[in-house]
Amino acid sequence: MSDDVLPIAAPRSRVSAAEIALAVGGFGIGTGEFAIMGLLPQVAEDVAVSVPEAGAVISAYALGVVAGAPLIAVLAARFARFHALLVLMTLFALGNFASAVAPDFYTLVAARFLAGLPHGAYFGIAALVAAGLAAPNQRARAIGRVMMGLTIATLFGTPVAAWFGQALGWRTAFAIVGGVSLLTVVLVWIHVPRDKGDPQATPLRELGALRKLQVWPMLGICAIGCGGMFAVFSYITPALTEVAGVSLTNVPIMLSVFGAGMILGNIVGSRLADWSLLPAIGIAIAFNIFAYVLFYFTMTNPWIAIINVLFIGGGFAVVPGVQTRLMDVAGKAQTLAAALSHSAFNLANALGAWLGGWSIAAGCGWTSTGLVGAILGLAGFAIFFVSVLVDRRTRRAHQLARANRSKFAEQS
């Protein structure tokens with residue numbers, strides 16, 4: 001393969017191969033992030049801690065994502081994206097192999113932190129590569145196809161890894177994820193186009209994204225508005241079994257329905273974003289609020305639960321639009337902006353799970369997480385509304401300035 005970036009006019013088969021290679025990486029990351037949640041009791045027993053204490057391995061991974069995404073994005077901004085992807089997936093593989101052989105609890109926590117470091121930066125850079133290969137009016141769909149790996153992981157990868165982990169030991173699950181990561185390295189090497197990097201990029205230029213006014217509302221939507229999904233999903237099993245009457249043996253099927261909802265949301269959200277970006281984000285947030293309210297009021301039997309779980313997963317529709325919008329408003333600091341969205345999503349994970357647990361502990365019931373999600377969704381919509389108003393005022397100010405300059409030029 002040449003050292004030039006693959007042109008948009010290249011055969012669709014070559015672009016598709018690059019997108020698939022990037023999606024395989026997303027599949028591995030998604031599987032590695034979520035599989036541990038179904039294996040936590042086995043992990044706790046093996047490393048001689050309680051299940052709540054073992055939850056620290058999940059928190060360590062999330063902390064790695066939050067810390068690693070901006071740090072790596074800033075440091076890697078001037079390097080070729082092709083090489084950055086290879087390094088990031090190699091690091092992810094090492095983190096998972098280290099997790100598989102960790103001799104004790106604290107080593108495992110450190111290994112999960114290491115595995116989390118490349119998560120956000122990988123998705124951010126992969127999104128930029130995919131968008132760069134797509135036509136201008138198809139960028140969100142290209143990003144959505146890369147993110148499809150993450151959504152498919154919730155449908156197939158996580159259950160399969162959990163099954164192998166239960167049958168052969170939890171360490172096997174991490175070894176499998178490490179193997180998928182090495183496969184991604186090979187696929188990226190073969191199919192993703194080389195680029196020459198940006199020698200003018202500097203950490204200060206990337207940090208300049210934080211001075212862009214419209215970057216912050218999008219990050220706020222990620223960190224707050226998307227917290228509802230995690231508030232509900234973190235406690236979905238007891239809501240299904242205790243409220244909707246779903247048998248424990250059928251819970252994996254319901255989790256697969258959630259994964260199917262994420263896939264549908266990713267597809268629909270991508271197409272809406274390519275149709276009209278800002279309205280697509282607003283529609284997706286409004287749908288999320290509706291889904292959370294529906295969850296709270298109608299979680300009464302297994303059949304309605306299927307619809308609710310599908311809709312909650314469908315809330316992923318907001319992701320392609322927000323990711324695309326971030327790249328649009330970040331100027332030249334796109335690597336940091338794209339990576340920061342994944343840090344924000346992990347903050348949403350922490351915030352949503354904490355508030356959902358608080359409402360349950362307060363005696364509000366298992367489905368009260370739906371109201372928590374709706375409140376977070378309304379907060380996200382308020383942030384979005386303010387962002388739209390600021391955007392319109394900024395555009396009007398620019399139009400007025402251009403009109404005044406033109407008028408002054410005519411008078412001169």
Side-chain angles (χ1 to χ4, degrees), residues 33-45 47-63 65-66 105 109 112 116 154 158 162 220-248 250-252 254-255 257-258 261 288-302 304-305 308-309 311-313 315 343-383:
E33 180 177 16
F34 294 115
I36 184 64
M37 297 177 184
L39 298 170
L40 210 56
Q42 293 94 317
V43 173
E45 181 179 1
V47 297
V49 297
S50 68
V51 172
E53 288 175 322
V57 301
I58 298 176
S59 300
Y61 183 92
L63 182 61
V65 178
V66 173
F105 173 65
V109 169
R112 295 317 295 156
T154 64
T158 298
I221 291 172
C222 294
I224 299 173
C226 295
M229 176 185 292
F230 298 102
V232 175
F233 187 63
S234 296
Y235 307 97
I236 193 67
T237 297
L240 289 169
T241 57
E242 301 296 329
V243 182
V246 176
S247 66
L248 190 60
N250 287 329
V251 167
M254 300 299 289
L255 297 182
V257 171
F258 178 84
N288 279 345
I289 297 171
F290 167 76
Y292 302 142
V293 173
L294 191 70
F295 176 87
Y296 176 73
F297 284 107
T298 68
M299 198 72 166
T300 56
N301 66 69
I304 296 178
N308 283 324
V309 172
F311 281 6
I312 296 297
S343 289
F345 278 121
N346 275 268
L347 289 176
N349 189 344
L351 177 65
W354 175 69
L355 290 176
W358 175 82
S359 70
I360 293 169
C364 298
W366 294 111
T367 59
S368 65
T369 56
L371 286 184
V372 172
I375 293 171
L376 290 172
L378 287 170
F381 195 87
I383 296 171

Checklist line | Listed partners of L378 passing side chain to side chain contact (heavy atoms under 4.5 Å, CB included), at least two apart | finding: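 By the side chain to side chain contact (heavy atoms under 4.5 Å, CB included) rule, L378 matches I289.
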Margin query: If the condition is side chain to side chain contact (heavy atoms under 4.5 Å, CB included), which residues does F105 pass it with, not counting sequence neighbours?
Written below: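 With sequence neighbours excluded, F105 shows a side chain to side chain contact (heavy atoms under 4.5 Å, CB included) to V47, V49, A56, V57, V109, given in chain and number order.
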Using the ring pair (Phe, Tyr, Trp, His ring centres under 6.0 Å) criterion, which residues pair with [X]? Sequence neighbours excluded.
X: F381; result: F384
X: F311; result: F287
X: Y61; result: H119
X: F295; result: none

Search all heavy atoms of [X] against all heavy atoms of [Y] and return the closest pair with its distance.
X: V372; Y: A231; result: CG1-CB, 4.0 Å
X: M299; Y: V243; result: O-CG1, 2.9 Å
X: A244; Y: A305; result: CB-CB, 3.9 Å
X: V66; Y: S343; result: O-OG, 3.2 Å
X: A239; Y: W366; result: CA-CB, 3.9 Å

Check: Got a sec, which residues hit side-chain hydrogen bond (donor to acceptor under 3.5 Å, both in side chains) with N301, two or more places apart in sequence or on another chain?
Finding: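 With neighbours one apart ignored, the set is empty.
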Next item on the list: Please list, chain by chain and in numerical order, all residues satisfying side-chain hydrogen bond (donor to acceptor under 3.5 Å, both in side chains) with T298, sequence neighbours excluded.
Entry: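 Result, side-chain hydrogen bond (donor to acceptor under 3.5 Å, both in side chains) vs T298: N308.
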Next item on the list: Test M229 against F258 for side chain to side chain contact (heavy atoms under 4.5 Å, CB included), laying out the working first.
Entry: CA-CA 11 Å; M229 176 185 292; F258 178 84; 4.2 Å; yes
Notebook entry, point to check: What distance separates C226 SG from N346 CG, expressed to the nearest 0.5 Å?
Noted result: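 Between atom SG of C226 and atom CG of N346 there are 11.5 Å.
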Checklist line | Separation of I236 CD1 from T369 OG1 (nearest 0.5 Å) | finding: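 Between atom OG1 of T369 and atom CD1 of I236 there are 7.0 Å.
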Output side-chain donor-acceptor pairs under 3.5 Å for residues 353-360, partner residues at least two apart or in another chain, one line each.
from, atom 1, to, atom 2, distance (Å)
S359, OG, G356, O, 2.8
S359, OG, S368, OG, 2.9

